[in-house]
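Protein chains get the first letters and strands the later ones, always in sequence-line order, with residue 1 at the start of each. For clarity, every value in this text was computed on a predicted model and none was experimentally measured.
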Amino acid sequence: MKWSFDILVVGAGPAGIAAAVTAAEAGQHVGLVDDNPAPGGQIWRKGAHLPATAHQWQARLDASSVVRLHGWRVFDCPEPYLVRAERNGSWPAHPDTEIDENRGCAELRCRALILATGARERFLPFPGWTLPNVMGAGGLDAMVRGGLPIAGKRVVIAGTGPLLLAVAAHLAARQAKVAVVCEQASLSRLARFAVGMLTEPAKLWQGARYRMTIRQTPYRTGSWPIAALGRDRLEAVTLQQGGKRWDVPCDYLGCGFHLVPNIELPDLLGCRIEDGFVATDAMLRTSVPGVYCAGEPTGIGGVELSLLEGQIAALAASGNIDRARSLARQRRRRLGFVRALQQACALDPHLRELPEEDTIICRCEDVRHRSLHDHATWRDAKLQTRCGMGPCQGRICGAAAEFLFGWHAGSVRPPLFPASVSSLVSPREPALADESLVAANALHENAKETP
Amino acid sequence: MSEAARSIPLTVNGTTVRVAPGTTIAAAVLLAGDATRVSVSGEPRGPLCGMGICFECRVTIDGVPHQRSCQIICSSGIRVMTDEVLKGSGGTGTP
Ligand SMILES: Cc1cc2nc3c(=O)[nH]c(=O)nc-3n(C[C@H](O)[C@H](O)[C@H](O)COP(=O)(O)OP(=O)(O)OC[C@H]3O[C@@H](n4cnc5c(N)ncnc54)[C@H](O)[C@@H]3O)c2cc1C
Ligand code: FES
């Protein structure tokens with residue numbers, strides 16, 4: 001097995017799959033690395049009804065020569081053509097054998113790198129948000145697709161963005177009792193957005209269709225949770241809309257405030273970042289030669305845009321400039337949607353008042369609001385409170401602190417994720433036999449069997 | 001879900017749970033009714049992001065600590081321990 005590729009793609013969501021498949025079909029030797037057990041990224045997770053497009057790309061991926069590393073997390077990229085990844089949760093299948101011998105750190109080399117690392121949800125702290133069973137909206141959806149039974153459970157969905165409707169519809173289809181969907185944006189802002197969308201060829205995240213599925217469920221605008229209540233786990237949530245407050249008993253709260261791009265890896269490589277997103281040209285080249293970026297790190301625009309970008313980056317990276325150009329024209333037409341969505345999901349300034357003095361902001365280190373608000377910068381707060389210094393490395397509290405205090409996170413440093421000591425000290429040619437790849441693919445097979 | 005579909009046995013804090021193929025370890029821990037971790041100031045925590053970012057779902061799997069359970073699929077016979085038991089502050093099973 002060669003661990004050196006013409007093109008290496010990081011992230012196997014729609015953008016990464018499209019990039020890997022397109023590059024392989026153009027004759028390139030392609031590697032695809034992703035930290036999930038199976039391809040699909042955030043939206044094409046198994047366990048839900050997947051659209052025909054997803055099946056088509058999956059089939060093309062299966063038929064392709066792409067070398068896939070599922071369950072591997074990229075934690076360092078010391079230079080553009082060298083990526084270090086660590087195997088996720090690898091332990092011997094038999095519990096009595098020695099641990100650790102199966103853990104792997106891989107060094108992957110390439111001529112061109114396509115970063116398709118997607119996005120995560122933005123979380124805002126409010127009293128009780130650290131209680132078990134308070135999750136992201138996409139987080140709850142992912143847990144359900146990962147086997148969490150939801151039928152008959154009482155669910156509140158809140159936050160902002162089209163994701164809320166998608167999640168509510170999916171959970172309702174699984175017989176969850178979705179009590180209410182709370183969207184922080186005002187009705188007038190949403191209306192402006194919807195009107196703008198009439199010129200948009202793609203349907204707004206199938207919003208209208210989702211709304212039909214959950215038409216029994218109230219959809220409240222200008223509304224958000226102000227507290228999650230419960231002792232050891234969530235029991236109810238206090239919601240607010242204008243001057244009105246009320247409690248809703250529930251088993252799960254899925255609350256996410258739109259998405260923030262995963263730009264740590266491009267940032268580490270020195271790619272230019274503009275307004276929080278990776279800057280690229282029309283061919284999706286970043287400011288670092290040989291490094292391309294596709295999908296949500298360049299702007300949040302939904303699955304179709306991610307697919308287009310993956311293809312463009314792959315075509316450009318494999319020298320098919322003419323085909324890349326014609327897709328780039330299609331992409332340009334969609335960029336208005338990205339901007340409109342960003343505006344529609346802009347956070348209401350009142351949400352800054354959500355945390356109380358003793359509300360935890362940094363969940364890793366349990367740093368509370370009162371010990372943070374007097375600091376001038378993120379760096380200051382980090383040094384004096386350990387805020388953002390835990391294992392998530394500020395991925396959760398950083399976006400919240402940016403909104404709450406106007407702080408900007410500093411530069412990233414390797415490792416991007418906590419990696420095992422052995423991976424850090426002995427990065428080497430992977431001592432991986434082919435069987436570890438098979439193991440990764442077997443996981444995928446296993447995942448496919450589930451209805 | 002039919003019982004037959006729950007063909008994968010594992011233990012969470014010593015209690016056996018059976019899950020369907022493809023179930024994540026995080027979902028199995030929730031099914032067992034346990035928290036995944038205890039925070040530095042002693043709060044029980046459960047999964048937040050479901051996508052490997054927040055680290056709230058980390059548990060000990062077959063003796064390997066700090067594994068993000070939301071990104072790992074259950075395999076037969078694995079032993080999952082959460083902080084609740086490891087730190088001795090409750091949980092359903094025995095260490
Ligand atoms: C629950 C949910 C429902 C959604 N529903 C819709 C919908 O209905 N319609 C729509 O248009 N959009 C929807 N979205 C938005 C959706 O995220 C995007 O449309 C789409 O997934 C973007 O694809 P992507 O390839 O850019 O990123 P992603 O799908 O996020 O893929 C990125 C991948 O890279 C991996 N990764 C990141 N960093 C690393 C690393 N360091 N090492 C290894 N792997 C890494 C991630 O784990 C992930 O698998 C939804 C999102 C969520 C969370
Ligand atoms: S739930 Fe966030 S890392 Fe697993």
I want to check something: taking the side chain as every heavy atom from C-beta on, are [X] and [Y] in contact at a cut-off of under 4.5 Å?
X	Y	answer
A:P37	B:I72	no
A:T130	B:L48	no
A:P391	B:R58	yes

For [X], which atoms come within 4.5 Å of any heavy atom of chain B: side chain, backbone, both, or neither?
X	answer
A:R368	side chain
A:D141	neither
A:N133	side chain
A:Q393	neither

- request: Could you please spell out the steps behind the salt bridge (charged side-chain N to carboxylate O under 4.0 Å, His left out) verdict for A:R233 and B:D34?
  value: CA-CA 10 Å; A:R233 72 190 61 201; B:D34 290 359; over 6 Å; no
- prompt: Please walk me through it: do A:R386 and B:V40 pass side-chain contact (heavy atoms from CB on, under 4.5 Å)?
  reply: CA-CA 12 Å; A:R386 291 197 52 80; B:V40 296; over 6 Å; no
message: Among residues at least two apart in sequence or on other chains, which ones pass side-chain contact (heavy atoms from CB on, under 4.5 Å) with B:C49?
response: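 With sequence neighbours excluded, B:C49 shows a side-chain contact (heavy atoms from CB on, under 4.5 Å) to A:F123, B:M51, B:I53, B:C54, given in chain and number order.
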message: With chain A as the partner, which of B:C70, B:G46, B:C57, B:P44 has the greatest number of non-hydrogen pairs under 4.5 Å?
response: B:P44
task: Evaluate the side-chain contact (heavy atoms from CB on, under 4.5 Å) criterion for residues B:R68 and A:F417: first the C-alpha distance (whole Å), next the side-chain angles of each, then the deciding distance (0.1 Å), finally the verdict.
output: CA-CA 12 Å; B:R68 266 162 286 182; A:F417 289 95; 3.5 Å; yes
- prompt: Where do A:P418 and B:F55 come nearest, in terms of heavy atoms and distance?
  reply: CD-CZ, 3.4 Å
